[in-house]
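Side-chain atoms are counted along with the backbone in the values below, which use heavy atoms only and exclude waters and symmetry mates. Every chain is numbered from 1, with letters handed out A, B, ... down the list of sequences.
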Amino acid sequence: MTFRLYDTATREVRDFVPLEEGKVGLYVCGLTVQSEPHVGHVRSGVNFDVLQRWLRHLGYDVTFIRNITDIDDKILIKSAEHGRPWYNLAYAMHRELDKAYDALNVAPPTYEPAATGHVPEMVELITELIGRGHAYPAEDGSGDVYFDVRSWPSYGELTHQGVDDMEPAADADPRGKRDPRDFALWKGWKKETEPETAAWPSPWGPGRPGWHIECSAMAGKYLGPAFDIHGGGVDLRFPHHENEQAQSRAAGRPFATYWMHNAWITTAGEKMSKSLGNSLTIPAVLEKYRGIDLRFYLVAAHYRSHVEFSFEALEEAAAGFARIESFLQRAGADETADGQLPQAFVDAMNDDLGTPAAVAVLYDAVREGNRLLAAGDDATAVAASVDAMLDVLGLHPADPAWAGSGSSAQDGKLRSAVDVLVAGLLAERAAARKAKDWARADAIRDQIKEAGIEVEDTPAGPKWSID
RNA sequence: GGUGGGUUGGCCGAGAGGCGAGGCAACGGACUGCAAAUCCGUGUACACGGGUUCAAAUCCCGUACCCACCUCCA
């Protein structure tokens, strides 16, 4: 089976055919760095990371561009509220985002361009659009430049909407627009309210980029006029992606061949951005849960399915993942073994990244491996296969990428210290068991458990682990 | 008003006309001094009402409820 993808533009699962054999150009809309990243934000990161890894597994040479938007209205407003320069806020949040990605083993893209570094490319694109009659400088002297929606007949094609059916924005600022649906490509500098550092020179006077033009310009620069896959969250379909496509095509660039959109994570039925809380920011969640558990939770759901986030569900996922890890430990993974991916796993992944079915295959393998171990047989081949599956999902516990979240050198030292202490108690318990003094043996086990350490008797002797 | 998505067992979460994805939890059994871990087994779930079909959670019609987007939210 070849790799197939659900394409939002055509609303169907299509065979993936790259523009150039063996190569994939992938563009994903990253974040506007205006606040700490939350669980919803990283879902997109994890989803597209899985896509990237799978494409690489399939042998594609992937150029993956994921931008960040480091200047916009909200950044300016928030930074003013906090009394810090906008670029300082954007930079700080950008660093937080990188930390969150690292904690979830989201591999860096080929490049992560920032909007503010690509003003010349945007100016060039806007100039081209004006030249072709698809954009115009506002007539009110504001310095804004708008895209002329009416001049582009296929506007609305990505989201299958007719221009006349669109609800005119309630908050649309009509200043200088020919049609309320026209959108800003360039925003003139507002001297009175905006810092001078937030304005760049342009043929239309000082100003800053409109949101949509950034992505068109950056995708064009790094991936060329036509590329394979464009991704982002569902909320970006309209207006952001619709506008990106319109302005790119209006400038004579074919743009993306496939559109992928990941669904939401909600809490209490509400979209995360609307619902309160700092309790769901990545730093906060990572205080209680490991990054690998959170990633597993996210990967176990299909990227196009809505997920209702709950800590209970996260805990269930973590419990399940613990079983996988414990199998690998018991099987004694052979690092040299070149694990094969089961065909069912490959088929699941090829079918629009069917990670839920892929995870089911993973569990099947774990059960089979445990069965072999219970029968006293060799399970290293199965373990190698489990290794391979976890690897391609970015979930391998031994991946050094996880080092920062839970198993540092410090932990190692602590562990060996505890080991010495527990070993003494276990020797005492062993003596009691030998004398069939079960009460004494159980008392020792309970004592150890009081300290939060679980003791298991295995054929190879007692083992302890921290709860 | 326009566009799209959803409602699956105690819980999470797949599937998209016919064999009960998978996980978590629960219960029974094996193993164990007892546990733990592990394995084996146990569930007649698909919002509601009609219809199509030999066969519907899956297709069609209708109803209810929920959600997203409609110009700078992943």
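Distances were taken from every side-chain heavy atom of A:E454 (C-beta onward) to each of B:G22, B:A36, B:U71; the shortest belongs to B:A36. The side chain of A:L31 has B:A74 as its nearest neighbour among B:U71, B:A36, B:A74. With B:A74, B:A14, B:U38 as the choices, the nucleotide that has an atom nearest any side-chain atom of A:H302 turns out to be B:A14. Each of B:C70, B:A74, B:C34 was ranked by its minimum atom distance to the side chain of A:H38; first place goes to B:A74. When each of B:G33, B:G22, B:U38 is scored by its nearest atom to the side-chain atoms of A:A441, the top-ranked nucleotide is B:G33. Closest approach to the A:D457 side chain among B:G13, B:U71, B:G33 is made by B:G33 (side chain taken as heavy atoms from C-beta onward). Candidate nucleotides B:A37, B:A74, B:C39 were compared by shortest atom distance to the side chain of A:N370, and B:C39 ranks first. Of the candidate nucleotides B:G23, B:U71, B:A74, B:A74 has the atom nearest to the side chain of A:L236. With B:G22, B:A74, B:A37 as the choices, the nucleotide that has an atom nearest any side-chain atom of A:R367 turns out to be B:G22. Checking B:C39, B:U3, B:C73 against the side-chain heavy atoms of A:H41 singles out B:C73 as nearest.
Applying the 4.0 Å criterion to OP1 and OP2 of B:U38, one finds that A:R330 has every side-chain N and O outside that range. Listed pair A:R11 / B:G4 meets the phosphate criterion, a side-chain N or O lying under 4.0 Å from OP1 or OP2.
If you check every strand for non-hydrogen atoms under 4.0 Å, A:R440 touches nothing. Within 4.0 Å (heavy atoms only), A:V361 reaches no atom of the nucleic acid at all. Residue A:K463 is classed as having no contact, given no heavy-atom separation below 4.0 Å to the nucleic acid. The residue A:N243 sits close to a base: some heavy atom pair falls under 4.0 Å. No engagement by A:T69 is indicated, since no non-hydrogen atom pair under 4.0 Å with the nucleic acid exists. Counting non-hydrogen atoms under 4.0 angstrom, A:S305 reaches the backbone sugars and phosphates but no base. Residue-level contact check: A:G30 touches the backbone only, with heavy atoms under 4.0 Å from sugar-phosphate atoms and none from bases.
For the pair A:W264 CH2 and B:G6 C1', the interatomic distance rounds to 16 Å; values are reported in whole Å. As rounded to whole Å, 15 Å separates atom P of B:U71 from atom CZ of A:R150. Look at OH on A:Y363: it is 14 Å from P on B:A14, rounded to the nearest Å. A straight line from CG of A:L328 to C1' of B:U38 spans 15 Å, rounded to a whole angstrom. We find that CG of A:L373 is positioned 19 Å from P of B:C31, with the value rounded to whole Å. Going from atom CD of A:E315 over to atom C1' of B:A25 covers 13 Å, rounded to whole Å. Taking atom CZ on A:F321 and atom P on B:A37, their separation rounds to 18 Å, with Å as the unit. Distance A:N262 CG to B:C73 C1': 12 Å, rounded to the nearest Å.
With a 6.0 Å cutoff to the six-membered ring centre and a 45° limit on the axis angle, A:R150 does not count as a cation-pi contact of A:Y155. With A:F48 as the aromatic partner, A:R66 does not meet the cation-pi criteria of under 6.0 angstrom to the ring centre and within 45 degrees of the ring axis. For the pair A:R43 and A:Y303, the cation-pi test (distance below 6.0 Å, angle within 45°) is failed.
The nucleotide B:U63 finds its pairing partner in B:A47, both defining distances of the Watson-Crick or G-U wobble pair being shorter than 3.5 Å. Base pairing of B:C69: its partner is B:G2, meeting the Watson-Crick or G-U wobble criterion (both donor-acceptor distances under 3.5 Å). Across all strands shown, B:A35 has no partner, as no Watson-Crick or G-U wobble contact with both distances under 3.5 Å is found.
A donor-acceptor contact under 3.5 Å links the side chain of A:D442 to the base of B:G33. With hydrogens and angles left out, the side chain of A:R445 and the base of B:A35 share a donor-acceptor pair within 3.5 Å. For B:C73, the base has no donor-acceptor partner in the side chain of A:D72 [N/O atoms by modelled type, under 3.5 angstrom]. At a cut-off of 3.5 angstrom, counting only N and O atoms as typed in the model, there is no donor on one side facing an acceptor on the other between the side-chain of A:R237 and the base of B:G4.
Using cut-offs of 30° and 60° on the angle between ring planes, the pair A:H261 and A:W259 is parallel.
When atom types are taken as modelled, the side chain of A:N370 and the backbone of A:R367 share no donor-acceptor pair closer than 3.5 angstrom.
Here the rule is ring pair (Phe, Tyr, Trp, His ring centres under 6.0 Å) with A:H212, and of A:F183, A:W186, A:F147 only A:F183 fits it.
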How far apart are the C-alpha atoms of A:D293 and A:K288, what are their side-chain angles, what is the distance that settles it, and do they pass the salt bridge (charged side-chain N to carboxylate O under 4.0 Å, His left out) test?
-> CA-CA 10 Å; A:D293 288 332; A:K288 294 207 68 179; over 6 Å; no
